[in-house]
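Accompanying notes for the structure given below.
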Amino acid sequence: MKVVVAVKRVLDYNVKPRVRSDGSGLDLANAKMSMNPFDEIAMEEAVRLKEAGIATEVIAVSCGTTQSQETLRTALAMGADRAILVETSAELQPLAVAKLLKAIVDREAPGLILLGKQAIDDDANQTGQMLAALAGLPQATFASKVSVEGDRLIVAREVDGGEETLSLPMPAVVTSDLRLNEPRYVSLPNIMKAKKKPMETITPDMLGVDVAPRLQTLHVEEPATRKAGIKVPDVAALLSALRDEAKVL
Ligand code: AMP
């Protein structure tokens, strides 16, 4: 069974985002970029399925600029067998990415398509669901456990009331939650090996997909800064400040 994993290049989660002065979006110039953390988890799960002899080939796919090659090299170093970059400098919104991934799914015919539950830059949490709808495939979102039993996929999901377990026919779309696994660190030998693994570059045009944005971002601004705290001289002053000034948020 082939497994396709969608990996997105995003601003590293340790970096404090800076908003451009004209409010048009984030300033990403010279910022450290990394693989979206939920996609690392999705990639780890695919590699574990390969190590367990369930997956036969793991294919990492990223849509974006040439720099997304770095993200794909990381995926290859984690254990993907080959990579596909759908290269474009256009702004990609979830619907466009879902259409591109649908075209890849049509081409590769995987048994499982793994995505992160959300990208930490747009926090959209839409691409996996849209892909499942466009491709007419069953989906299990926010997966915290994945296993294969015969020709069915068993997926556990943490929901408000406890843990829900789903059984899906394959091919299926699964999006990873935080507790699915703990991704491995990539070792230097594997980084070296990844340089020799195949990476194909194609364009949205070659897949016949129109990626024009459908939504327009009107304005981005930083969250309001918190007011500085105050020091009180004694317990009586603290009690009076709590009683008269503190507000329940
Ligand atoms: P989102 O719907 O934007 O929150 O993204 C959910 C998931 O879709 C991500 O965790 C990725 O697995 C996948 N995805 C989104 N954008 C891209 C992209 N440009 N390239 C590859 N995968 C993506």
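Computed from a predicted model, the values in this text were never measured in an experiment.
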When rounded to the nearest 0.5 angstrom, what is the spacing between [atom1] in [X] and [atom2] in [Y]?
X	Y	atom1	atom2	value
S147	L49	OG	CG	9.0 Å
I84	E108	CD1	CD	4.5 Å
L28	M33	CG	CE	5.0 Å
I202	L207	CD1	CG	4.0 Å
M78	D39	CE	CG	10.0 Å
K99	K102	NZ	NZ	11.0 Å

Using 4.0 Å as the upper bound for N to carboxylate O, is an ion pair formed by [Y] and [X]?
X	Y	value
D177	K117	yes
D122	K8	yes
R82	E57	yes
K145	E164	no
K50	D81	yes
K16	D12	no

Worksheet item: Does atom CD of E222 have more than 12 heavy-atom neighbours from other groups under 6.0 Å away?
Response: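 Check passes, neighbour count above 12.
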Fill in: Within 6.0 angstrom of E149 CD, more than 12 heavy atoms from elsewhere
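Atom CD in E149 is not packed in, count stays at 12 or less.
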Counting only N and O atoms by type, is there a donor-acceptor contact under 3.5 Å from the side chain of [X] to the main-chain atoms of [Y]?
X	Y	answer
T88	A90	yes
E40	N36	no
Q93	L215	yes
T175	F142	yes
R157	T141	yes

Discussion item. Please evaluate residues L238 and L242 with respect to the criterion side-chain contact (heavy atoms from CB on, under 4.5 Å), reporting the C-alpha separation (whole Å), side-chain torsions for both, the decisive distance (0.1 Å), and the verdict.
Written reply: CA-CA 6 Å; L238 172 65; L242 285 174; 4.2 Å; yes
Worksheet item: Could you give all pairs that pass the side-chain hydrogen bond (donor to acceptor under 3.5 Å, both in side chains) test and reach residues 198-208, with sequence neighbours left out?
Response: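 Listed once each, the pairs are R107-E200.
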Practice prompt. Take E91 and R214 through the test salt bridge (Lys or Arg N to Asp or Glu O under 4.0 Å) and record every step on the way to the result.
Written response: CA-CA 10 Å; E91 177 202 338; R214 303 296 199 265; over 6 Å; no
Tabulate below the donor-acceptor pairs under 3.5 Å that side-chain atoms of residues 58-72 make, not counting sequence neighbours, or state none.
{"residue": "S62", "atom": "OG", "partner": "V7", "partner atom": "O", "Å": "2.6"}
{"residue": "T65", "atom": "OG1", "partner": "Q67", "partner atom": "OE1", "Å": "3.1"}
{"residue": "T66", "atom": "OG1", "partner": "E87", "partner atom": "OE2", "Å": "2.8"}
{"residue": "S68", "atom": "OG", "partner": "T65", "partner atom": "O", "Å": "3.2"}

Worksheet item: What's the verdict on side chain to side chain donor-acceptor pair (under 3.5 Å) for R152 and S167, showing C-alpha distance, side-chain angles and the deciding distance?
Response: CA-CA 6 Å; R152 308 218 27 125; S167 164; 2.8 Å; yes
Fill in: E45 and N181 side chains, donor-acceptor separation under 3.5 Å
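Note: N181 and E45 side chains meet the donor-acceptor criterion.
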Single-linkage hydrophobic cluster, 4.5 Å side-chain cutoff, [X] and [Y] together:
X	Y	result
L168	V3	yes
V148	M43	yes
V86	V173	yes

Item to complete: Determine the sole option in T127, D123, N125 for which the side chain to side chain donor-acceptor pair (under 3.5 Å) test with Q118 is passed.
Response: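 Of all the options given, the one that passes is D123.
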Item to complete: Quick one: do D27 and R20 satisfy salt bridge (Lys or Arg N to Asp or Glu O under 4.0 Å)? Show the steps, please.
Response: CA-CA 5 Å; D27 181 5; R20 281 195 219 116; 5.2 Å; no
